[in-house]
Amino acid sequence: MDTFLNELNREQHAVVTHYQGPTIVLAGAGSGKTRVLVFKVLYLILQQHVDPSSILMVTFTNKAAHEMLERIKKALIDNAISLTKQNAPTVGTFHSLCARILRRDGHYIGIMPNFAIYDTHDQQEVVKEAMEKLDINSKNIRAKAVSQTISSAKNQMVDPYVYSSIARGYFQEAVAQIYPLYQSLMKDHNAVDFDDLLLETIRLFKKYPEVLEKYQEKFQYVLVDEYQDTNHAQYELTKLLGEKHRNICIVGDFSQSIYSFRGADFRNLEKFKNDFPDAATFPLSQNYRSTQNILDAAFSVISRNTTHPVLSLWTENHQGEDIELYEAESEQNEAEFIIQKIVERAARDPHFSLSDVAVLYRMNAQSRTLEEVFLHHSIPYTLVGGTRFYERKEVKDVLSLLAFLANQKDTIAFSRIEKIGKRRAQKFLEYVNEFNEKNYLENKATIDILDEAVSKIEYLALYDANNPEDKARLENIKEMRSVAIEFPELIEFLENVSLVEQEYMPAEQKKNGVRPEAVTLMTFHGAKGLEFKMVFMVGMEEGMFPHSQALFDNGDLEEERRLCYVGITRAKEKLFMTFAKRRLFFGQRNTNTISRFIFELPESVRERSIALRDQDVPEYF
DNA sequence: GGTCACACAGTTTTT
DNA sequence: CTGTGTGACC
């Protein structure tokens, strides 16, 4: 057990063993960050004999949380320690942590434990409800825009009162009217949105210090990953939870902050230093992932950013293969180039697997052509992203039944049920009565409630198993049943489905239970945290990447550049960047100029490109 | 209560 | 171009 620290390099060792006091870890791409976090927890438990349950680790996604906890558990079992539910560390996202806190202690501030968690779609329904009540024309003011505006106000912790004092112009003044009504409707529905989970927890902590103290006492050690992508509320929460024992360790990388469009603020990394002036800062600068060529390219691009520090990475890996640029005639040709390169590589490298390849793009809309061409050449692919499991119609329908049973003030859920059909909604109400009279909430398992409600309204009869599209819907309901079996308590089930995105995997792949032999297609955002031997970055054109909406604002442009940096650093061995002369977009054929990011690569990369050899470097200002 | 036609918008995304 | 959402009409 003493030897596990030997597996770390000097920088990593320093991070793991510095276990007390405020700590900032600047973890570069591919520097073994996840491993360091796992080892840090192991070190606390094994060497410092810290009670595992007094450790809190906050991650960016639930998937990351799950993987982290599994790795910790496994390592502890190797050291003859097994974790139970009671003594396990708390590992989760800010949202799941706050949901748990509010279920337990929300009653202090008037939140009932069976509250519903509304997703973006539900939020828009509530906004529409508010707009109807206020008689605001939904043609001039779109509910979607309003709900986004309210959400970003909340992210900056601007309440309705403050908002109305700063609102300027037609749209903002309308929002100023809608916002307070939205909040009171949410209360009527006994619901909170994702932003409220954080804000209400902060409100609870500030109003009832004894509640805060309970959690401060529980969580003696607080670790927060991906700190560059925290928003203001998450920054506040970190501070509140950690300020008593001051054993807070935040981990992040300025250059990988890519979520400012939803309220993340990389400056939180700097603010932490002001709040904790004695914080120790550790860099993790050795990269284990990529070749020198790839790191050089990444650095060459990201060093153009001026509003944040850039960590320079080094590696012991060899120089590696050249980065290749390709100018395609069209988006089809771009996809065919990719296929050609994959086939070539497969022919000469027996260890090569299609799962070593990722194609990264800026917008989901770009996946369409790629899919068509991949299909045409019979190259298997996995598409990541798109419509999420719990947002599918049939899944939401069934969930609405359960959501309403758990929280009968949730009229948003009920109006969804009415949309299935008036007669079915009537039938359902009969079941609601039975449910209430016999108190099924307490003495029936989720799966039984689900099956009873679904059969009561004959929901499955809406779909025909012989129709392939319907069959997929029925499969999805089956899939949901298997999650329902895992969570016999209805409230817990609902919390799980609102906060945890189901790992998306088509049914046939799931049966085999192995990672499929297929190329991964996804957005740059989706690739965060992943790595592939061979990476294609496609659509490297002004207006595509950087995206057209980001061209005129330096802050937005720098975020695009960070996204480009994230893309480059996903590659372990081989990186391609492609751009098309002409591209069909929204039914129009456009001619785009080559992305500025291409011109920000090291000169040697550009010189080898036929398309660029004789071209002057354009001025982008 | 269900279907069809038209309008219209159209980044990135997890919680 | 394509998916979604709304409103009119049977």
Side-chain angles (χ1 to χ4, degrees), chain A residues 58-65 92-100 117-125 128 138-139 142-145 148 151-152 154-155 192-199 201 226 229-231 233-234 237 257-264 331 360-369 372 384-391 393 418-426 462 495-504 522-529 539 543-551 553 556-557 559-564 566-567 583-590:
Chain A
V58 183
T59 55
F60 189 64
T61 65
N62 283 297
K63 194 175 163 216
T93 62
F94 278 108
H95 291 85
S96 67
L97 173 71
C98 289
R100 251 178 284 171
I117 301 171
Y118 277 5
D119 65 13
T120 39
H121 194 270
D122 299 329
Q123 285 177 50
Q124 283 167 34
E125 291 299 313
K128 280 181 199 163
S138 61
K139 281 226 167 79
R142 277 174 297 121
K144 196 179 174 186
Q148 278 167 0
S151 177
S152 73
K154 285 187 181 181
N155 276 324
V192 299
D193 60 30
F194 288 124
D195 308 310
D196 290 335
L197 286 172
L198 309 176
L199 295 180
T201 304
E226 306 279 13
D229 281 324
T230 53
N231 64 26
Q234 291 165 335
L237 274 169
S257 167
I258 55 174
Y259 283 100
S260 75
F261 68 91
R262 65 173 211 228
E331 70 277 8
L360 308 181
Y361 39 81
R362 181 66 178 83
M363 281 172 293
N364 278 315
Q366 290 171 266
S367 72
R368 180 178 216 96
T369 315
E372 281 166 8
V384 180
T387 312
R388 295 208 289 276
F389 185 76
Y390 290 113
E391 281 169 13
K393 181 190 179 293
E418 284 181 315
K419 273 189 198 159
I420 302 171
K422 283 256 159 63
R423 268 187 307 244
R424 284 189 160 88
Q426 278 310 311
L462 289 168
E495 182 164 315
N496 186 269
V497 297
S498 11
L499 293 177
V500 180
E501 174 54 30
Q502 187 88 345
E503 199 178 335
Y504 179 74
M522 63 181 156
T523 62
F524 288 106
H525 284 90
K528 186 180 185 184
M544 297 287 287
F545 192 32
H547 192 269
S548 56
Q549 309 256 305
L551 293 175
D553 179 279
D556 292 344
L557 212 45
E559 174 133 321
E560 297 284 305
R561 192 174 282 111
R562 290 191 292 270
L563 193 54
C564 184
V566 168
R583 180 182 296 277
L584 195 65
F585 201 55
F586 292 148
Q588 280 195 318
R589 201 153 274 291
N590 292 334

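Proteins come first, then strands; the chains are lettered A, B, ... in the order of their sequence lines, and each starts at number 1.
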Between A:Lys422 and A:Phe585, which has a closest nucleotide on DNA chain B that is more 5'? A:Lys422

Rounded to whole Å, how long is the line connecting atom CG of A:Leu360 with atom P of B:dT12? 15 Å

Within the side chain of A:Gln234, is there an N or O that forms a donor-acceptor pair under 3.5 Å with the backbone of A:Asn231? yes

Scanning both residues in full, the closest heavy-atom pair of A:Leu198 with A:Leu237 reads CD2-CD1, 3.9 Å

Do A:Phe261 and the base of B:dT12 stack face to face, with centres under 5.5 Å apart and an angle between planes under 30°? yes

Looking at B:dT15 and A:His95: do their rings stack (centroid distance under 5.5 Å, interplanar angle under 30°)? no

In whole angstrom, give the distance that lies between atom CG of A:Asn231 and atom P of B:dT13. 18 Å

For B:dT12, does the base pair up with any side-chain atom of A:Arg362 as donor and acceptor (N or O, under 3.5 Å, distance only)? yes

Is it the case that A:Lys528 places NZ or CZ above or below the six-membered ring of A:Phe60, under 6.0 angstrom from the centre and within 45 degrees of the axis? yes

Measure the distance from CD on A:Gln426 to C1' on B:dG1 and round it to the nearest whole Å. 14 Å

Among residues at least two apart in sequence or on other chains, which ones pass ring pair (Phe, Tyr, Trp, His ring centres under 6.0 Å) with A:Tyr361? none

Choosing from B:dT15, B:dT13, C:dG3, which nucleotide comes nearest the side chain of A:His525? B:dT13

A:Thr523 vs B:dT13: side-chain N/O to OP1/OP2 distance below 4.0 Å: yes

Test of understanding: with salt bridge (charged side-chain N to carboxylate O under 4.0 Å, His left out), list the residues that count as partners of A:Asp119, not counting sequence neighbours. A:Lys396

Closer to the 5' end of DNA chain B via nearest nucleotide, is it A:Gly526 or A:Glu418? A:Glu418

Nucleotide of B:dT11, C:dG5, B:dT15 approaching A:His121 most closely (side-chain heavy atoms): C:dG5

Mind checking if A:Phe94 touches a base, just sugar-phosphate, or nothing, with heavy atoms under 4.0 Å? nothing

Taking only the C1' atom of each, what is the distance from C:dT6 to B:dT11 in whole angstrom? 25 Å

Could you list the protein-to-nucleotides 2-10 of chain B atom pairs, N/O on both sides, closer than 3.5 Å?
from, atom 1, to, atom 2, distance (Å)
B:dG10, OP1, A:Arg142, NH1, 3.4

Quick one: label A:Glu560 by what it contacts on the DNA or RNA (base, sugar-phosphate, nothing), any heavy atom closer than 4.0 Å. base

What's the gap between C:dG3 and B:dT14 when it is taken at their C1' atoms, as a whole Å value? 23 Å

Atom CG of A:Asp229 and atom C1' of B:dT12 are separated, to the nearest Å, by 12 Å

Grab the NZ-P distance between A:Lys128 and C:dT6 for me, whole Å please. 4 Å

Without hydrogens or angle criteria, can the side chains of A:Ser260 and A:Glu559 be said to hold a donor-acceptor pair below 3.5 Å? yes

Just the rounded figure in Å: distance from C1' of B:dT11 to CG of A:Leu551. 12 Å

Under-3.5 Å donor-acceptor pair between A:Arg262 side chain and B:dT14 base: yes

Rounded to whole Å, how long is the line connecting atom OH of A:Tyr259 with atom C1' of B:dT12? 7 Å

Nearest heavy-atom contact between A:Arg362 and A:Leu563 is NE-CD2, 3.6 Å

A:Arg262 to A:Tyr259 six-membered ring, cation-pi geometry met (6.0 Å, 45°): yes

Assign B:dT12 to syn or anti; the rule is syn for a glycosidic angle within 90° of 0 and anti otherwise. anti

Atom pair distance, as rounded to whole Å: CD in A:Glu559 and C1' in B:dT12: 8 Å

Indicate, with a heavy-atom threshold strictly under 4.0 Å, whether A:Asn364 touches base, sugar-phosphate, or nothing. sugar-phosphate

